[in-house]
Amino acid sequence: LWRAAGSAAFTLTYAVVPTAERAGFIELLPEAVPIKAVPDFTYSRALHHSAAGAFIAGFVLGLADRHQDNMLLVGPRRDIFVHIDFGYVAGARPWFDANLLPIPERFYRCLTASGKWDEFLNDCVFAFTILQANRAALIAIAQTFVEPLVRAGYPEYIDNVLQQHTPDQVRELVQAAPNDLARRFKNMHHKLSH
């Protein structure tokens, strides 16, 4: 959808083969490292566009429990941003969680130093508006998900997010995300408990 509409945002996909209700195989992500192991982000177009795609897709899908072990940089240059661990989706959240746009401060500083933060904001809003415009298709796809996700209200959750947020609200959420105190506490809690 993004590519067809002229957006450079993208998400890296990988295979997941379930073998039981809570077991399976996950495709190896090449040269993956959790973002907590990266002292500073290095700007690249791939990082920019993959992060825009990952954050907006995660927001629309209600991807929660985002901390610095559940976000990776992958690829030969480790500049493609990707989410892992989809244990909390569609509004389900652990007892303590950050907001649904967990943009790290280091990422914000990297884009600001590169003069690309405003462009990133625009790219996130554009990616969101494309998903909004294709809401019916996304709901149809969500309704074909496995039964537990449909039973949990996944299609309705996606529909609500796409209907209830304006592009300006998404811009404000992305703009505020790097300074979110809940995200800081989430990362600190996860670091101390693991």
Side-chain angles (χ1 to χ4, degrees), residues 2-3 7-14 16 26-89 93-94 96-128 130-131 167-194:
W2 286 328
R3 194 175 322 128
S7 171
F10 71 95
T11 56
L12 179 69
T13 59
Y14 48 93
V16 177
I26 299 173
E27 179 182 352
L28 178 69
L29 295 172
E31 303 182 49
V33 61
I35 66 165
K36 75 174 185 181
V38 179
D40 290 304
F41 288 91
T42 302
Y43 183 82
S44 74
R45 298 306 288 172
L47 176 64
H48 179 120
H49 295 303
S50 63
F55 287 125
I56 293 303
F59 175 70
V60 170
L61 297 174
L63 187 55
D65 195 28
R66 299 297 85 200
H67 50 73
Q68 296 189 38
D69 284 324
N70 284 347
M71 297 182 279
L72 306 179
L73 294 177
V74 302
R77 295 180 56 202
R78 290 189 171 145
D79 66 345
I80 298 175
F81 194 97
V82 66
H83 286 294
I84 61 168
D85 189 350
F86 301 96
Y88 293 95
V89 296
R93 300 182 83 150
F96 178 76
D97 203 16
N99 70 36
L100 293 179
L101 281 163
I103 299 172
E105 291 169 86
R106 291 173 292 138
F107 178 79
Y108 169 75
R109 286 193 304 267
C110 169
L111 265 65
T112 301
S114 302
K116 300 292 185 181
W117 178 250
D118 288 339
E119 182 182 334
F120 180 75
L121 281 172
N122 292 336
D123 290 343
C124 286
V125 171
F126 186 40
F128 180 79
I130 293 166
L131 297 182
D168 287 338
Q169 289 171 327
V170 170
R171 178 181 300 281
E172 290 172 14
L173 290 170
V174 173
Q175 180 70 48
N179 297 314
D180 180 55
L181 288 176
R183 181 194 42 77
R184 291 178 188 170
F185 284 121
K186 172 72 175 180
N187 286 332
M188 184 171 56
H189 171 264
H190 189 265
K191 187 177 188 179
L192 294 173
S193 64
H194 293 89

Could you pull out every donor-acceptor pair under 3.5 Å between side chains of residues 38-47 and any protein atom, sequence neighbours left out?
from, atom 1, to, atom 2, distance (Å)
Tyr43, OH, Arg45, NH1, 2.7
Tyr43, OH, His48, ND1, 3.0
Ser44, OG, Ala46, N, 3.4
Ser44, OG, Leu47, N, 3.0
Ser44, OG, Asp79, OD2, 2.8
Arg45, NH1, Glu119, OE2, 3.0
Arg45, NH2, His49, NE2, 3.3
Arg45, NH2, Glu119, OE2, 2.5

Exercise. Once you round to the nearest 0.5 Å, how far does CD1 of Ile84 lie from CG of Asp69?
Worked result: 7.5 Å
For this session: Assign the ring pair Phe55 / Phe120 to parallel, tilted or perpendicular, where the plane angle (0 to 90°) is split at 30° and 60°.
Result: perpendicular
For this session: Could you tell me whether the side chain of Leu12 reaches within less than 4.5 Å of the side chain of Leu29, counting heavy atoms only?
Result: yes
Problem set entry | Distance, nearest 0.5 Å, that separates CG of Leu73 from CE of Met71 | 9.5 Å
Exercise. Do Pro76 and Glu31 touch side chain to side chain, with heavy atoms closer than 4.5 Å?
Worked result: yes
Problem set entry | Heavy-atom pair with the smallest gap, counting every atom of Trp2 and Ala9 | CE3-O, 3.4 Å
Seminar exercise, completed: Note: Ala32 and Val74 closest approach over all heavy atoms is CB-CG1, 3.5 Å
For this session: Rounded to the nearest 0.5 Å, what's the gap from CG on Leu72 to CZ on Phe81? Could you check?
Result: 8.5 Å
Problem set entry | Tyr14 vs Val82, side-chain contact (heavy atoms from CB on, under 4.5 Å): CA-CA, chis, key distance, verdict | CA-CA 10 Å; Tyr14 48 93; Val82 66; 3.8 Å; yes
Can you give the donor-acceptor pairs under 3.5 Å from side chains of residues 168-175 to other protein atoms, not counting sequence neighbours?
from, atom 1, to, atom 2, distance (Å)
Gln169, OE1, Thr166, N, 2.8
Arg171, NH1, Asn122, OD1, 2.9
Arg171, NH2, Asn122, OD1, 2.9
Gln175, OE1, Trp117, NE1, 3.2

